[in-house]
Amino acid sequence: MLVHIDHEGIRRAGCIVETEAYVGPHDAASHARSGPRGRATLMYGKAGVAYVYLIYGMHHCFNATTEQDGYPGAVLVRAIEPVENVERGNGPALVCQALRIDRGCNGVDLVESSRLFIETASPVADADVRVGPRVGVDYAGEWATHPWRFWKADSPHVSRRPGTATTYDPAMLG
DNA sequence: GCACGGATTTCC
DNA sequence: GAAATCCGTGCG
């Protein structure tokens, strides 16, 4: 569950039901593809940090950094199931809109922070996880076909996109 | 310095 | 199917 407490102390939260992984310097779909510069610098830093960026000049996307310090990685939160003071969050930009997350949250340590963090609430069983190609990264060639999008089966809160679904196999993760 | 396009959403 | 709308990246 992703939790954000805004400037007025209002707590908003939702269970994460859809994510995408962006891993490694060679992932052509990742912002880290151009090296540890600019906004992607955070992806090269330590894990557990909020990476929030502006997309299409008007929408925000929230990521949590992953992997070891020096090796780039992040998980994009694409959808949440409303839990507290949230109406809808079926899409990366809508997640940020619903939780009032913007670039002011960029760089926040999700482990240490008391205003933006992730809680383990009701984990999704492996059997309910669906896997497919990432969305909106067709420009990335072969990397666009990697099955690095994960969502909760039959959840009405995942972003509405046509997607080839396979079941999740924990062994597939290297 | 400047042109180009995007990890999206919404409306025609 | 296309617009809305900034900023990082790439190239000069």
Side-chain angles (χ1 to χ4, degrees), chain A residues 1-2 4 12 14-67 70-82 85-108 110 116 118 124 129-153 155-166 168 172-174:
Chain A
M1 185 161 80
L2 181 58
H4 179 225
R12 305 172 201 276
C15 282
I16 298 169
V17 293
E18 181 183 354
T19 64
E20 279 178 4
Y22 292 84
V23 182
H26 304 300
D27 180 357
S30 171
H31 291 166
R33 63 182 177 271
S34 298
R37 302 196 302 272
R39 58 182 178 178
T41 303
L42 277 177
M43 292 183 67
Y44 283 81
K46 66 176 178 179
V49 172
Y51 167 41
V52 183
Y53 65 91
L54 186 65
I55 187 65
Y56 294 107
M58 67 193 87
H59 297 301
H60 295 277
C61 289
F62 170 87
N63 301 252
T65 61
T66 59
E67 305 300 319
Y71 190 80
V75 169
L76 168 69
V77 175
R78 290 192 54 87
I80 58 173
E81 172 187 321
N85 293 321
V86 167
E87 294 188 0
R88 60 181 178 177
N90 52 321
L94 293 176
V95 168
C96 288
Q97 180 181 312
L99 294 176
R100 303 293 192 273
I101 291 173
D102 58 23
R103 280 177 300 167
C105 298
N106 194 39
V108 170
L110 298 169
L116 181 62
I118 293 174
V124 178
V129 176
R130 295 295 175 271
V131 181
R134 294 173 293 184
V135 174
V137 295
D138 292 341
Y139 59 85
E142 173 200 352
W143 289 94
T145 67
H146 279 61
W148 282 355
R149 177 192 183 202
F150 307 87
W151 68 95
K152 181 181 178 181
S155 171
H157 306 288
V158 302
S159 60
R160 289 185 174 275
R161 301 269 183 173
T164 57
T166 55
Y168 171 67
M172 63 177 273
L173 298 182

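Sequence lines set the chain letters: A, B, ... in the order given, protein chains first and strands last, and positions in each chain run from 1.
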Between NE2 of H31(A) and C1' of dC6(C) the distance, given in whole Å, is 14 Å
Among dT9(B), dA7(B), dT9(C), the one nearest any side-chain atom of L94(A) is dT9(B)
Can you find a side-chain donor-acceptor pair between S159(A) and E18(A) that sits under 3.5 Å?
-> yes
Between CG of D102(A) and P of dC6(C) the distance, given in whole Å, is 15 Å
If only side-chain N and O atoms of R33(A) are considered, is one of them under 4.0 Å from the OP1 or OP2 phosphate oxygen of dT9(C)?
no
Hey, is the side chain of Y53(A) pairing donor to acceptor with the base of dA7(B) inside 3.5 Å?
yes
Separation of dA7(B) atom C1' from W148(A) atom CH2, nearest Å, is 14 Å
Closest of dT8(B), dT10(B), dT9(C) to the R39(A) side chain is dT9(C)
In Watson-Crick or G-U wobble terms, with both distances under 3.5 Å, the base opposite dT5(C) is none
When rounded to whole Å, the CG to C1' distance for the pair N106(A) and dG8(C) reads 13 Å
5'-most contact on DNA chain C (nearest-nucleotide basis), M58(A) vs R103(A), goes to M58(A)
Q: Would you mind classifying the nucleic acid contact of A29(A) as base, sugar-phosphate or nothing, using non-hydrogen atoms under 4.0 angstrom?
A: base
Rounded to whole Å, the CZ-C1' distance (R134(A) to dG6(B)) equals 15 Å
Quiz item: Does S34(A) make a side-chain N or O approach to OP1 or OP2 of dG10(C) shorter than 4.0 Å?
Solution: yes
Taking dA7(B), dT9(B), dG6(B) as options, the one with an atom nearest any side-chain atom of N63(A) is dA7(B)
Atom CD of E18(A) and atom P of dA7(B) are separated, to the nearest Å, by 16 Å
Measuring to OP1 and OP2 of dT8(B), would you say a side-chain N or O of R78(A) lies under 4.0 angstrom away? yes
| message | In whole Å, measure the gap between the C1' atoms of dG5(B) and dA2(C) for me. | response | 15 Å
Under a 3.5 Å limit on both distances, the Watson-Crick or wobble mate of dG10(C) is dC2(B)
Requested in this report: Would you indicate, yes or no, if dC7(C) has its OP1 or OP2 atom less than 4.0 angstrom from a side-chain nitrogen or oxygen of R37(A)?
Outcome: no
Atom CD1 of I55(A) and atom P of dA7(B) are separated, to the nearest Å, by 5 Å
*With centres under 5.5 Å and planes under 30°, do Y139(A) and dG6(B) count as stacked?*
no
From the candidates dG10(C), dA7(B), dT8(B), the one with an atom nearest any side-chain atom of A93(A) is dT8(B)
Exceeds 12 heavy-atom contacts within 6.0 angstrom, atom CZ of R88(A): no
Testing dT9(B), dG10(C), dG6(B) for proximity to the side chain of P92(A), the answer is dT9(B)
